[in-house]
Amino acid sequence: MSNREKLKKLILDVFLLDESEFSFELQRAQVDTWDSLGVVSLAVGVHQTFGYHFTPEEATSIQSVADVIKLLETKGISFDA
Amino acid sequence: MREPPTLPWAEVEALARDASTLTWATPRARRQLGWAGARWIDSEVAVPGVQTVIAVGGGAHLDHVKLRWRQTGASRLTAVPTVWGSGAEASPVAVWTEDGQKRFKLDEALRPHAMAFCDAFAATLSPEQVRAACGDVWAHALEGFLSPLASDALRSELAEVLRALEALPIAADPRWFPVSARASAGQAESSVGLVHGLAHVLEPRVPGTSHAGLCATFLLPVLRFNASTSEKWATLTAEHGLDAAGILARVGELSRREARQALAPHVSTHWKLVLRDPCSRTNSTLVRPDSLSAFLGFLEAP
């Protein structure tokens, strides 16, 4: 499974979304379950899936799926298609 | 960890006889205490000149009083648990059931000003109550320790609580009271996890279950699930010098396989609700929709 596919599955699982609700352009404001607890779950899931532990500042600054990709790419995790 | 000061029992008995004190106890606790000269209440009635309310009862009763005692006009609350487990005497949290849903309130104003423990209450507990209560304490300590919201300092304090728990037998031993209070105060500063998510969803939906009993039953399979999906359990227990295998063995004493098997269909039916429970969402490892089959395997395992 590519990192893009892993991230898509993670987002679906953390925020309990249907596949039709997902896109790589998805914004936090569009997702009801991307609340403060969702931020915690996403940080736990990213650590389990990609081995990187968000700092609290990073976790709360993320506002979209694209932000997750951008941040993880700065840590050397590639999301090339 | 922030805990209320512990009053000596003799001091509480004297306080109860003071004219400015009201005692709000469950009927059973009132019969057992039999305090002559105490002013008893059973609702939030306003009483001129009152300074202190003493709440005596189990976790649900203490939470009920924590939400209402200020309406008496008193300025101090002393909480006395009749069973360990909830740690309501030490925490700034109140939990209640409304429309079949568990509701929570976290507010520092809910934390009692003092707590006290009466050893005699331990002797009134049945073996099943003891098993459930001990499971609730272990669940608070372990889920608080593993929580993604726990700081390093809090984890160190909760590791000490876990060491104290390892030394306690699963028995009607009053030494559980203060350890329970510490575990609850600790988890209130981080979070609980999937054990509590399962208990909160199933208790109102499965007749004959209790919060503490469900915590006791689910703790072992949840720890095994967590350990299977992340290295966090192994890493954190090693970092804090805890005996991971020993803890699993102790927790195993609390969880009966037949009880786990009986709950498995309910877990399957309500899994989506479990995933949405706030406690499940702060579990130490991610709980996914497709984690169900693996979790059912841990319910079935010996």
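Residue numbers start from 1 in every chain, and the chains themselves are labelled A, B, ... in the order their sequence lines are given, proteins ahead of strands.
B:E231 CD: 12 or fewer foreign heavy atoms inside a 6.0 Å radius. Counting heavy-atom neighbours within 6.0 Å of B:D152 CG, excluding the residue itself, gives a total of 12 or less. Within a 6.0 Å radius of CD in B:E98, more than 12 heavy atoms belonging to other residues, nucleotides or ligands are found. At most 12 heavy atoms of other shown residues, nucleotides or ligands fall within 6.0 angstrom of atom NZ in B:K105.
Side-chain atoms of A:V44 and B:N283, non-hydrogen and from C-beta on, never get closer than 4.5 Å to each other.
Considering only heavy-atom pairs separated by less than 4.5 Å from chain B, the leading option among A:L37, A:V40, A:D35 is A:L37. Contacts with chain A were tallied for B:P278, B:S230, B:S191; B:P278 has the most, counting heavy-atom pairs under 4.5 Å. Taking B:L149, B:V287, B:T229 one by one and counting their heavy-atom pairs under 4.5 Å with chain A, the maximum is reached by B:T229.
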- Message: Quick one, A:T49 with B:L286, criterion side-chain contact (heavy atoms from CB on, under 4.5 Å). Give me CA distance, side-chain angles, the key distance, then yes/no.
- Response: CA-CA 10 Å; A:T49 308; B:L286 186 61; 5.7 Å; no
- Task: Test B:R276 against A:T33 for side-chain contact (heavy atoms from CB on, under 4.5 Å), laying out the working first.
- Result: CA-CA 9 Å; B:R276 288 185 178 274; A:T33 45; 3.7 Å; yes
- Between A:Q48 and B:K232, does a side-chain contact (heavy atoms from CB on, under 4.5 Å) hold up when you go through it step by step? CA-CA 9 Å; A:Q48 272 178 237; B:K232 195 170 177 181; over 6 Å; no
- Please lay out, stage by stage, how A:L10 and B:R288 fare under the test side-chain contact (heavy atoms from CB on, under 4.5 Å). CA-CA 9 Å; A:L10 179 63; B:R288 298 173 183 261; 3.8 Å; yes
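With a 4.5 angstrom heavy-atom cutoff, A:L12 does not touch chain B via any of its atoms. At a 4.5 Å heavy-atom cutoff, B:S291 makes no contact with chain A through either its backbone or its side chain.
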